[in-house]
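What's counted below: heavy atoms across the whole structure, side chains too, no hydrogens, waters or symmetry copies. All values reported here derive from a predicted model rather than from experimental measurement. Here is how names work: the chains are called A, B, and so on, in the same order as the sequence lines, proteins then strands, and each is numbered from 1.
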Protein chains: 2
Amino acid sequence: MSPCGYAPKRPGAGTISSVIGHRIPEATVNRLPVYLRALAEASSSSPTISSELLAEKAGVNAAQVRKDLSHLGSYGTRGVGYEVGYLMHQISRRLGVDSELRVAIVGAGNLGQALATYGGFASRGFQVVATFDSDPGKVGHRVGTTSVRPASTMSDVLLELKVDIGVVTTPASAAQSTADVLVAGGVSCILNFAPTTVVVPEYVALRQVDLGVELQILSFYRQSEAAPVAAGE
Amino acid sequence: MSPCGYAPKRPGAGTISSVIGHRIPEATVNRLPVYLRALAEASSSSPTISSELLAEKAGVNAAQVRKDLSHLGSYGTRGVGYEVGYLMHQISRRLGVDSELRVAIVGAGNLGQALATYGGFASRGFQVVATFDSDPGKVGHRVGTTSVRPASTMSDVLLELKVDIGVVTTPASAAQSTADVLVAGGVSCILNFAPTTVVVPEYVALRQVDLGVELQILSFYRQSEAAPVAAGE
DNA sequence: GCTTGTGAAATCTTTCACAGCA
DNA sequence: TGCTGTGAAAGATTTCACAAGC
(Lines give C-alpha, C1' and ligand atoms only; values in the text may rest on other atoms or scores of the structure.)
Protein backbone atom coordinates (compact mmCIF):
# COMPACT_ATOMS: atom_id res chain seq x y z
CA MET A 1 0.00 0.00 0.00
CA SER A 2 0.09 0.08 0.69
CA PRO A 3 -0.93 1.76 1.36
CA CYS A 4 0.03 2.65 1.86
CA GLY A 5 -0.87 1.87 -0.80
CA TYR A 6 -0.15 0.48 0.28
CA ALA A 7 -1.12 -2.36 -2.52
CA PRO A 8 -1.65 -3.57 -2.89
CA LYS A 9 -1.67 -3.88 -5.04
CA ARG A 10 -1.18 -3.34 -4.49
CA PRO A 11 -1.28 -1.89 -3.47
CA GLY A 12 0.26 0.93 -3.65
CA ALA A 13 2.48 0.01 -6.50
CA GLY A 14 6.26 0.09 -6.40
CA THR A 15 9.37 -0.51 -8.43
CA ILE A 16 9.89 -4.23 -8.55
CA SER A 17 12.52 -6.75 -9.46
CA SER A 18 14.31 -9.35 -7.44
CA VAL A 19 16.55 -12.36 -7.76
CA ILE A 20 17.15 -14.72 -4.89
CA GLY A 21 17.85 -18.17 -6.17
CA HIS A 22 14.51 -18.92 -7.85
CA ARG A 23 12.42 -15.76 -8.07
CA ILE A 24 9.61 -15.31 -5.54
CA PRO A 25 6.40 -13.81 -6.99
CA GLU A 26 5.64 -10.28 -5.92
CA ALA A 27 2.23 -11.20 -4.53
CA THR A 28 3.89 -13.77 -2.31
CA VAL A 29 6.47 -11.30 -1.02
CA ASN A 30 3.66 -8.95 -0.01
CA ARG A 31 2.17 -11.69 2.14
CA LEU A 32 5.34 -12.93 3.82
CA PRO A 33 5.38 -10.18 6.46
CA VAL A 34 1.74 -10.94 7.21
CA TYR A 35 2.61 -14.58 7.81
CA LEU A 36 5.49 -13.50 9.99
CA ARG A 37 3.17 -11.52 12.20
CA ALA A 38 0.60 -14.30 12.36
CA LEU A 39 3.36 -16.75 13.32
CA ALA A 40 4.60 -14.44 16.06
CA GLU A 41 1.10 -14.39 17.52
CA ALA A 42 0.75 -18.15 17.22
CA SER A 43 4.18 -19.01 18.63
CA SER A 44 2.97 -18.95 22.22
CA SER A 45 0.18 -21.49 21.59
CA SER A 46 1.90 -24.36 19.82
CA PRO A 47 5.35 -25.22 18.41
CA THR A 48 3.81 -26.20 15.07
CA ILE A 49 1.07 -24.77 12.87
CA SER A 50 -0.91 -26.11 9.93
CA SER A 51 -1.37 -24.25 6.68
CA GLU A 52 -5.06 -24.06 7.47
CA LEU A 53 -4.60 -22.33 10.83
CA LEU A 54 -1.94 -20.00 9.47
CA ALA A 55 -4.23 -19.15 6.57
CA GLU A 56 -7.04 -18.28 8.94
CA LYS A 57 -4.80 -16.02 11.02
CA ALA A 58 -3.43 -14.31 7.93
CA GLY A 59 -6.83 -13.98 6.30
CA VAL A 60 -6.07 -15.98 3.16
CA ASN A 61 -6.72 -19.39 1.62
CA ALA A 62 -4.82 -22.47 2.91
CA ALA A 63 -3.70 -23.51 -0.56
CA GLN A 64 -2.21 -20.07 -0.96
CA VAL A 65 -0.20 -20.41 2.23
CA ARG A 66 1.23 -23.73 1.05
CA LYS A 67 2.04 -22.40 -2.40
CA ASP A 68 3.64 -19.27 -0.96
CA LEU A 69 5.77 -21.20 1.54
CA SER A 70 6.78 -23.69 -1.13
CA HIS A 71 8.63 -20.85 -2.86
CA LEU A 72 10.92 -20.63 0.17
CA GLY A 73 11.63 -24.36 0.20
CA SER A 74 10.13 -27.45 1.86
CA TYR A 75 10.06 -26.36 5.46
CA GLY A 76 6.88 -28.19 6.49
CA THR A 77 6.31 -31.77 7.64
CA ARG A 78 3.51 -33.75 5.98
CA GLY A 79 0.87 -34.84 8.43
CA VAL A 80 2.14 -32.36 11.04
CA GLY A 81 2.50 -28.81 9.76
CA TYR A 82 5.20 -26.17 9.96
CA GLU A 83 7.58 -25.65 12.88
CA VAL A 84 6.71 -22.10 13.92
CA GLY A 85 10.13 -20.89 15.07
CA TYR A 86 12.03 -22.36 12.15
CA LEU A 87 9.53 -21.00 9.63
CA MET A 88 9.78 -17.53 11.15
CA HIS A 89 13.54 -17.74 10.84
CA GLN A 90 13.33 -18.75 7.19
CA ILE A 91 10.87 -15.98 6.30
CA SER A 92 12.89 -13.35 8.15
CA ARG A 93 16.01 -14.49 6.36
CA ARG A 94 14.36 -14.11 2.96
CA LEU A 95 12.98 -10.71 3.87
CA GLY A 96 16.47 -9.63 4.88
CA VAL A 97 15.23 -8.53 8.29
CA ASP A 98 18.11 -10.38 9.93
CA SER A 99 20.42 -7.58 9.11
CA GLU A 100 19.39 -4.56 11.22
CA LEU A 101 18.32 -2.11 8.54
CA ARG A 102 18.94 1.56 9.15
CA VAL A 103 16.11 4.05 8.64
CA ALA A 104 16.12 7.84 8.30
CA ILE A 105 12.95 9.92 8.63
CA VAL A 106 12.75 13.20 6.71
CA GLY A 107 10.21 15.68 8.04
CA ALA A 108 9.85 16.00 11.81
CA GLY A 109 6.26 17.21 11.78
CA ASN A 110 3.42 15.38 13.46
CA LEU A 111 3.60 12.37 11.20
CA GLY A 112 7.40 12.16 11.23
CA GLN A 113 7.51 12.32 15.00
CA ALA A 114 4.79 9.71 15.28
CA LEU A 115 6.67 7.32 13.01
CA ALA A 116 9.98 7.95 14.80
CA THR A 117 8.43 6.82 18.05
CA TYR A 118 6.21 4.14 16.50
CA GLY A 119 7.14 0.80 18.06
CA GLY A 120 6.53 -1.20 14.89
CA PHE A 121 9.87 -0.34 13.34
CA ALA A 122 12.24 -1.24 16.17
CA SER A 123 10.38 -4.42 17.04
CA ARG A 124 11.01 -5.72 13.52
CA GLY A 125 14.71 -5.04 13.34
CA PHE A 126 14.57 -1.56 11.82
CA GLN A 127 16.63 1.08 13.54
CA VAL A 128 15.77 4.76 13.20
CA VAL A 129 19.21 6.36 13.01
CA ALA A 130 18.36 9.90 11.95
CA THR A 131 15.58 12.47 11.62
CA PHE A 132 15.75 15.61 9.49
CA ASP A 133 13.78 18.83 9.15
CA SER A 134 14.33 22.07 7.27
CA ASP A 135 12.70 24.16 10.03
CA PRO A 136 15.49 25.57 12.27
CA GLY A 137 12.96 25.66 15.10
CA LYS A 138 12.75 21.86 15.05
CA VAL A 139 16.46 21.16 14.64
CA GLY A 140 18.07 19.79 17.78
CA HIS A 141 14.81 18.61 19.34
CA ARG A 142 14.83 15.05 20.58
CA VAL A 143 12.51 12.72 18.61
CA GLY A 144 12.51 9.10 19.68
CA THR A 145 16.13 8.06 20.02
CA THR A 146 17.53 10.71 17.66
CA SER A 147 17.73 14.47 17.64
CA VAL A 148 16.52 16.35 14.59
CA ARG A 149 19.25 17.39 12.14
CA PRO A 150 19.06 20.22 9.60
CA ALA A 151 17.84 19.05 6.19
CA SER A 152 20.87 20.69 4.60
CA THR A 153 23.14 18.05 6.16
CA MET A 154 21.24 15.11 4.68
CA SER A 155 23.60 14.24 1.82
CA ASP A 156 26.55 13.85 4.15
CA VAL A 157 24.77 12.25 7.08
CA LEU A 158 23.02 9.62 4.96
CA LEU A 159 26.35 8.34 3.69
CA GLU A 160 28.05 8.63 7.05
CA LEU A 161 25.35 6.68 8.89
CA LYS A 162 24.93 4.20 6.02
CA VAL A 163 21.16 4.68 5.85
CA ASP A 164 19.32 1.89 4.00
CA ILE A 165 15.73 3.16 4.01
CA GLY A 166 14.36 6.71 3.77
CA VAL A 167 10.92 7.64 5.06
CA VAL A 168 9.45 10.81 3.54
CA THR A 169 6.95 12.76 5.69
CA THR A 170 7.54 16.22 4.25
CA PRO A 171 4.83 18.42 2.72
CA ALA A 172 3.96 17.54 -0.86
CA SER A 173 6.03 20.39 -2.24
CA ALA A 174 9.28 19.04 -0.79
CA ALA A 175 8.70 15.34 -1.43
CA GLN A 176 10.36 14.95 -4.82
CA SER A 177 13.50 16.88 -3.98
CA THR A 178 13.75 14.95 -0.71
CA ALA A 179 13.50 11.68 -2.61
CA ASP A 180 16.27 12.84 -4.95
CA VAL A 181 18.59 13.63 -2.07
CA LEU A 182 17.80 10.27 -0.47
CA VAL A 183 18.68 8.44 -3.68
CA ALA A 184 21.89 10.42 -4.06
CA GLY A 185 22.62 9.59 -0.44
CA GLY A 186 22.63 5.90 -1.28
CA VAL A 187 19.37 4.64 0.23
CA SER A 188 17.93 1.66 -1.58
CA CYS A 189 14.31 1.96 -0.43
CA ILE A 190 11.94 4.86 0.07
CA LEU A 191 8.64 4.83 1.94
CA ASN A 192 6.72 7.93 0.87
CA PHE A 193 3.95 9.33 3.09
CA ALA A 194 3.74 12.75 1.47
CA PRO A 195 0.41 13.40 -0.27
CA THR A 196 2.04 13.37 -3.70
CA THR A 197 3.78 10.72 -5.76
CA VAL A 198 7.52 10.79 -6.28
CA VAL A 199 9.58 9.08 -8.95
CA VAL A 200 12.89 7.32 -8.35
CA PRO A 201 15.31 5.27 -10.47
CA GLU A 202 14.48 1.64 -11.27
CA TYR A 203 16.91 0.19 -8.76
CA VAL A 204 15.34 1.93 -5.76
CA ALA A 205 12.40 0.15 -4.16
CA LEU A 206 9.53 2.57 -3.68
CA ARG A 207 6.30 2.38 -1.75
CA GLN A 208 3.83 5.22 -1.73
CA VAL A 209 1.43 5.41 1.19
CA ASP A 210 -1.05 8.21 0.71
CA LEU A 211 -3.66 8.22 3.43
CA GLY A 212 -6.17 10.15 1.35
CA VAL A 213 -5.79 7.61 -1.43
CA GLU A 214 -6.35 4.76 1.01
CA LEU A 215 -9.58 6.38 2.20
CA GLN A 216 -10.70 6.92 -1.38
CA ILE A 217 -10.25 3.25 -2.19
CA LEU A 218 -12.13 2.29 0.95
CA SER A 219 -14.94 4.66 0.14
CA PHE A 220 -15.34 2.97 -3.22
CA TYR A 221 -15.59 -0.48 -1.70
CA ARG A 222 -18.11 0.96 0.74
CA GLN A 223 -20.44 1.48 -2.20
CA SER A 224 -20.90 -2.25 -2.59
CA GLU A 225 -23.47 -1.63 0.17
CA ALA A 226 -24.87 1.64 -1.10
CA ALA A 227 -27.34 2.13 -3.92
CA PRO A 228 -25.71 2.10 -7.37
CA VAL A 229 -24.99 5.48 -8.93
CA ALA A 230 -27.42 6.37 -11.70
CA ALA A 231 -26.03 5.05 -14.98
CA GLY A 232 -26.37 8.16 -17.15
CA GLU A 233 -24.90 11.62 -16.66
CA MET B 1 -1.21 -0.48 -1.65
CA SER B 2 0.16 1.06 0.57
CA PRO B 3 -1.53 0.42 0.25
CA CYS B 4 -1.76 -0.51 0.11
CA GLY B 5 -3.61 -2.12 -0.59
CA TYR B 6 -3.02 -2.20 0.21
CA ALA B 7 -2.26 -2.69 -2.48
CA PRO B 8 -1.95 -5.21 -4.10
CA LYS B 9 -3.12 -7.27 -4.41
CA ARG B 10 -1.57 -5.50 -2.88
CA PRO B 11 -0.58 -3.56 -1.20
CA GLY B 12 -2.61 -4.33 1.86
CA ALA B 13 -5.30 -6.83 1.19
CA GLY B 14 -8.88 -6.08 2.10
CA THR B 15 -12.41 -7.34 1.95
CA ILE B 16 -13.65 -6.76 -1.57
CA SER B 17 -16.84 -6.74 -3.57
CA SER B 18 -18.62 -4.06 -5.47
CA VAL B 19 -21.37 -3.46 -7.95
CA ILE B 20 -21.75 -0.22 -9.85
CA GLY B 21 -23.39 -0.83 -13.15
CA HIS B 22 -20.77 -3.02 -14.81
CA ARG B 23 -18.26 -4.12 -12.20
CA ILE B 24 -14.91 -2.28 -12.12
CA PRO B 25 -11.89 -4.55 -11.48
CA GLU B 26 -10.29 -4.19 -8.08
CA ALA B 27 -6.88 -3.42 -9.57
CA THR B 28 -8.41 -0.55 -11.49
CA VAL B 29 -10.12 0.89 -8.41
CA ASN B 30 -6.77 0.92 -6.62
CA ARG B 31 -5.34 3.09 -9.38
CA LEU B 32 -8.23 5.55 -9.75
CA PRO B 33 -7.16 7.73 -6.80
CA VAL B 34 -3.64 7.81 -8.23
CA TYR B 35 -5.00 9.08 -11.53
CA LEU B 36 -7.06 11.63 -9.66
CA ARG B 37 -3.97 13.03 -7.98
CA ALA B 38 -1.99 13.04 -11.23
CA LEU B 39 -4.84 14.88 -12.92
CA ALA B 40 -5.00 17.47 -10.15
CA GLU B 41 -1.31 18.18 -10.69
CA ALA B 42 -1.73 18.34 -14.45
CA SER B 43 -4.83 20.53 -14.43
CA SER B 44 -2.83 23.75 -14.28
CA SER B 45 -0.77 22.93 -17.39
CA SER B 46 -3.35 21.96 -19.98
CA PRO B 47 -7.12 21.42 -20.26
CA THR B 48 -6.59 18.00 -21.86
CA ILE B 49 -4.20 15.12 -21.24
CA SER B 50 -3.23 12.05 -23.27
CA SER B 51 -3.21 8.54 -21.86
CA GLU B 52 0.54 8.52 -22.37
CA LEU B 53 1.18 11.61 -20.27
CA LEU B 54 -1.25 10.52 -17.59
CA ALA B 55 0.43 7.12 -17.52
CA GLU B 56 3.81 8.69 -17.00
CA LYS B 57 2.57 10.86 -14.14
CA ALA B 58 0.85 7.91 -12.49
CA GLY B 59 3.79 5.57 -13.05
CA VAL B 60 1.94 2.99 -15.14
CA ASN B 61 1.59 1.85 -18.75
CA ALA B 62 -0.46 3.94 -21.22
CA ALA B 63 -2.53 0.96 -22.36
CA GLN B 64 -3.42 0.38 -18.75
CA VAL B 65 -4.68 3.92 -18.34
CA ARG B 66 -6.89 3.55 -21.39
CA LYS B 67 -8.23 0.19 -20.27
CA ASP B 68 -8.87 1.48 -16.76
CA LEU B 69 -10.67 4.59 -17.95
CA SER B 70 -12.69 2.58 -20.42
CA HIS B 71 -14.33 0.88 -17.44
CA LEU B 72 -15.81 4.25 -16.47
CA GLY B 73 -17.14 4.96 -19.96
CA SER B 74 -15.87 6.67 -23.09
CA TYR B 75 -14.79 10.01 -21.69
CA GLY B 76 -11.83 10.59 -24.04
CA THR B 77 -11.65 12.12 -27.51
CA ARG B 78 -9.67 10.26 -30.16
CA GLY B 79 -6.77 12.25 -31.52
CA VAL B 80 -7.01 14.68 -28.58
CA GLY B 81 -7.02 12.98 -25.20
CA TYR B 82 -9.08 13.35 -22.04
CA GLU B 83 -10.58 16.57 -20.76
CA VAL B 84 -8.89 16.90 -17.37
CA GLY B 85 -11.68 18.54 -15.38
CA TYR B 86 -14.43 16.30 -16.69
CA LEU B 87 -12.36 13.18 -16.16
CA MET B 88 -11.63 14.21 -12.57
CA HIS B 89 -15.33 14.69 -12.02
CA GLN B 90 -16.14 11.25 -13.40
CA ILE B 91 -13.48 9.50 -11.32
CA SER B 92 -14.54 11.33 -8.15
CA ARG B 93 -18.12 10.37 -8.80
CA ARG B 94 -17.25 6.71 -9.10
CA LEU B 95 -15.10 6.81 -5.99
CA GLY B 96 -17.99 8.36 -4.10
CA VAL B 97 -15.80 11.21 -2.94
CA ASP B 98 -18.48 13.67 -3.91
CA SER B 99 -20.38 12.92 -0.80
CA GLU B 100 -18.38 14.32 2.15
CA LEU B 101 -17.52 11.15 4.03
CA ARG B 102 -17.27 11.30 7.80
CA VAL B 103 -14.20 9.89 9.54
CA ALA B 104 -13.56 9.00 13.20
CA ILE B 105 -10.06 8.39 14.54
CA VAL B 106 -9.67 6.01 17.48
CA GLY B 107 -6.47 6.39 19.50
CA ALA B 108 -5.22 9.93 20.10
CA GLY B 109 -1.55 9.01 20.49
CA ASN B 110 1.19 10.37 18.27
CA LEU B 111 -0.07 8.66 15.15
CA GLY B 112 -3.72 9.45 15.79
CA GLN B 113 -2.96 13.12 16.36
CA ALA B 114 -0.80 13.24 13.26
CA LEU B 115 -3.57 11.76 11.13
CA ALA B 116 -6.20 14.05 12.64
CA THR B 117 -4.21 17.07 11.55
CA TYR B 118 -2.93 15.52 8.30
CA GLY B 119 -4.07 17.69 5.41
CA GLY B 120 -4.60 14.79 3.02
CA PHE B 121 -8.02 13.86 4.42
CA ALA B 122 -9.78 17.19 4.35
CA SER B 123 -8.42 18.14 0.94
CA ARG B 124 -10.05 15.05 -0.53
CA GLY B 125 -13.50 15.54 0.91
CA PHE B 126 -13.10 13.52 4.10
CA GLN B 127 -14.17 15.18 7.28
CA VAL B 128 -12.71 14.13 10.64
CA VAL B 129 -15.73 14.41 12.92
CA ALA B 130 -14.48 12.68 16.08
CA THR B 131 -11.40 11.41 17.92
CA PHE B 132 -11.45 8.92 20.79
CA ASP B 133 -9.02 7.71 23.44
CA SER B 134 -9.35 5.52 26.51
CA ASP B 135 -6.77 7.56 28.45
CA PRO B 136 -8.65 10.08 30.67
CA GLY B 137 -5.57 12.30 30.49
CA LYS B 138 -6.13 12.77 26.76
CA VAL B 139 -9.90 13.23 26.85
CA GLY B 140 -10.98 16.80 26.21
CA HIS B 141 -7.75 17.84 24.50
CA ARG B 142 -8.15 19.55 21.18
CA VAL B 143 -6.83 17.53 18.21
CA GLY B 144 -7.27 19.09 14.81
CA THR B 145 -10.85 20.31 14.62
CA THR B 146 -12.24 17.93 17.26
CA SER B 147 -11.73 17.38 20.96
CA VAL B 148 -10.89 13.89 22.19
CA ARG B 149 -13.85 11.92 23.55
CA PRO B 150 -13.70 9.00 25.98
CA ALA B 151 -13.52 5.63 24.21
CA SER B 152 -16.47 4.44 26.31
CA THR B 153 -18.79 6.79 24.43
CA MET B 154 -17.87 5.44 21.00
CA SER B 155 -20.93 3.27 20.37
CA ASP B 156 -23.30 6.15 20.89
CA VAL B 157 -21.24 8.88 19.26
CA LEU B 158 -20.57 6.87 16.09
CA LEU B 159 -24.26 6.50 15.45
CA GLU B 160 -25.09 10.04 16.46
CA LEU B 161 -22.47 11.58 14.17
CA LYS B 162 -23.18 9.10 11.37
CA VAL B 163 -19.54 8.10 10.99
CA ASP B 164 -18.72 6.35 7.69
CA ILE B 165 -15.06 5.45 8.12
CA GLY B 166 -13.13 4.44 11.24
CA VAL B 167 -9.37 4.87 11.52
CA VAL B 168 -7.69 2.63 14.12
CA THR B 169 -4.45 3.93 15.69
CA THR B 170 -4.70 2.13 19.02
CA PRO B 171 -2.02 -0.21 20.40
CA ALA B 172 -2.14 -3.72 18.98
CA SER B 173 -3.90 -5.08 22.05
CA ALA B 174 -6.95 -2.83 21.61
CA ALA B 175 -7.23 -3.00 17.83
CA GLN B 176 -9.64 -5.91 17.46
CA SER B 177 -12.09 -4.75 20.12
CA THR B 178 -11.97 -1.26 18.64
CA ALA B 179 -12.78 -2.65 15.21
CA ASP B 180 -15.72 -4.57 16.71
CA VAL B 181 -17.15 -1.41 18.28
CA LEU B 182 -16.68 0.47 15.01
CA VAL B 183 -18.59 -2.20 13.10
CA ALA B 184 -21.36 -2.21 15.70
CA GLY B 185 -21.40 1.58 15.42
CA GLY B 186 -22.31 1.29 11.76
CA VAL B 187 -19.11 2.31 9.98
CA SER B 188 -18.72 0.71 6.58
CA CYS B 189 -14.94 1.05 6.19
CA ILE B 190 -11.99 0.63 8.55
CA LEU B 191 -8.44 1.80 7.96
CA ASN B 192 -6.25 -0.05 10.45
CA PHE B 193 -2.83 1.33 11.43
CA ALA B 194 -2.34 -0.79 14.53
CA PRO B 195 0.58 -3.22 14.24
CA THR B 196 -1.74 -6.22 14.23
CA THR B 197 -4.37 -7.50 11.83
CA VAL B 198 -8.05 -7.27 12.66
CA VAL B 199 -10.95 -9.20 11.18
CA VAL B 200 -14.31 -7.69 10.28
CA PRO B 201 -17.50 -8.96 8.59
CA GLU B 202 -17.57 -9.36 4.81
CA TYR B 203 -19.62 -6.23 4.21
CA VAL B 204 -17.12 -3.89 5.85
CA ALA B 205 -14.29 -2.67 3.62
CA LEU B 206 -10.98 -3.12 5.40
CA ARG B 207 -7.48 -1.86 4.69
CA GLN B 208 -4.58 -2.74 6.93
CA VAL B 209 -1.58 -0.43 6.90
CA ASP B 210 1.23 -1.78 9.02
CA LEU B 211 4.30 0.38 8.73
CA GLY B 212 6.65 -2.36 9.85
CA VAL B 213 5.21 -4.65 7.22
CA GLU B 214 5.71 -1.99 4.55
CA LEU B 215 9.36 -1.67 5.50
CA GLN B 216 9.79 -5.44 5.42
CA ILE B 217 8.45 -5.63 1.90
CA LEU B 218 10.72 -2.79 0.85
CA SER B 219 13.71 -4.45 2.44
CA PHE B 220 13.03 -7.54 0.36
CA TYR B 221 12.91 -5.60 -2.88
CA ARG B 222 16.13 -3.93 -1.81
CA GLN B 223 17.81 -7.29 -2.13
CA SER B 224 17.47 -7.20 -5.88
CA GLU B 225 20.63 -5.09 -5.58
CA ALA B 226 22.35 -7.08 -2.85
CA ALA B 227 24.20 -10.35 -3.27
CA PRO B 228 21.87 -13.38 -3.30
CA VAL B 229 21.50 -15.20 0.00
CA ALA B 230 23.47 -18.46 0.11
CA ALA B 231 21.22 -21.23 -1.18
CA GLY B 232 21.71 -23.84 1.56
CA GLU B 233 21.14 -23.51 5.33
C1' DG C 1 -1.51 13.25 -38.39
C1' DC C 2 -2.62 11.76 -33.48
C1' DT C 3 -4.96 9.25 -29.71
C1' DT C 4 -8.73 6.47 -27.89
C1' DG C 5 -11.12 2.10 -27.10
C1' DT C 6 -10.88 -2.80 -27.25
C1' DG C 7 -10.41 -7.66 -28.71
C1' DA C 8 -6.87 -11.05 -28.25
C1' DA C 9 -2.44 -12.69 -26.39
C1' DA C 10 0.63 -12.98 -22.76
C1' DT C 11 1.49 -13.01 -18.09
C1' DC C 12 0.60 -13.35 -13.32
C1' DT C 13 -2.15 -15.03 -9.40
C1' DT C 14 -5.31 -17.92 -7.08
C1' DT C 15 -7.66 -22.08 -6.38
C1' DC C 16 -8.44 -26.93 -6.94
C1' DA C 17 -7.48 -31.59 -6.19
C1' DC C 18 -4.63 -35.21 -5.28
C1' DA C 19 -0.16 -37.82 -5.00
C1' DG C 20 3.20 -38.51 -1.57
C1' DC C 21 5.03 -38.66 2.86
C1' DA C 22 5.05 -38.70 8.20
C1' DT D 1 -5.09 -40.59 9.16
C1' DG D 2 -3.53 -35.75 8.44
C1' DC D 3 -1.21 -32.37 6.11
C1' DT D 4 2.26 -30.80 2.81
C1' DG D 5 3.87 -29.85 -1.84
C1' DT D 6 2.65 -29.23 -6.54
C1' DG D 7 0.92 -29.91 -11.26
C1' DA D 8 -2.95 -28.30 -13.69
C1' DA D 9 -7.26 -25.46 -14.13
C1' DA D 10 -9.45 -21.28 -13.49
C1' DG D 11 -9.44 -16.56 -13.02
C1' DA D 12 -7.51 -11.83 -13.03
C1' DT D 13 -4.47 -8.46 -14.78
C1' DT D 14 -1.39 -6.48 -17.96
C1' DT D 15 0.29 -5.74 -22.41
C1' DC D 16 0.03 -5.77 -27.36
C1' DA D 17 -1.59 -4.17 -31.59
C1' DC D 18 -4.75 -2.14 -34.45
C1' DA D 19 -9.34 -0.57 -36.10
C1' DA D 20 -12.08 3.48 -35.45
C1' DG D 21 -12.66 8.30 -34.94
C1' DC D 22 -11.21 13.10 -34.37
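Distance NE2 (A/H71) to P (D/dG5): 12 Å, rounded to an integer number of Å. Per the geometry, CG belonging to B/L87 stands 16 Å off P belonging to C/dT3, to the nearest Å. Atom pair A/D68:CG and C/dT14:P shows a separation of 7 Å (rounding to whole Å applied). Atom CG of B/L69 and atom C1' of C/dT4 are 10 Å apart (whole Å). The separation between B/I24 atom CD1 and D/dA12 atom P is 16 Å, rounded to whole Å.
A donor and an acceptor atom, one from each side chain of B/T196 and A/E41, are located under 3.5 Å apart. If you check the side chains of A/Q176 and A/D180, you find a donor sitting under 3.5 Å from an acceptor.
Remark: the B/R78 side chain and the C/dT3 base include no donor-acceptor N/O pair separated by less than 3.5 Å.
For the segment residues 49-67 of chain A, residues with any heavy atom less than 4.0 angstrom from an atom of DNA chain C are, sorted by number, A/N61, A/A63, A/Q64, A/R66, A/K67.
For C/dA22, the OP1/OP2 oxygens have no side-chain nitrogen or oxygen of A/Y82 closer than 4.0 Å.
Here the OG1 atom belonging to A/T170 is positioned 12.5 Å from the CD1 atom belonging to A/I105, to the nearest 0.5 angstrom. Distance OG1/A/T28 to NE2/A/H71: 4.0 Å, rounded to 0.5 Å.
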Check residues 118-128 of chain A and write down every donor-acceptor pair under 3.5 Å in which the side-chain atom is one partner and the other belongs to a residue at least two apart or another chain.
unit_1: A/S123; atom_1: OG; unit_2: A/G119; atom_2: O; d: 3.3
unit_1: A/S123; atom_1: OG; unit_2: A/G120; atom_2: O; d: 3.4
unit_1: A/R124; atom_1: NH1; unit_2: A/G120; atom_2: O; d: 2.7
unit_1: A/R124; atom_1: NH2; unit_2: B/D210; atom_2: OD2; d: 2.9

Review point. side-chain contact (heavy atoms from CB on, under 4.5 Å) between B/L182 and B/M154: does it pass, once the steps are laid out?
Key: CA-CA 8 Å; B/L182 285 169; B/M154 270 178 70; 3.8 Å; yes
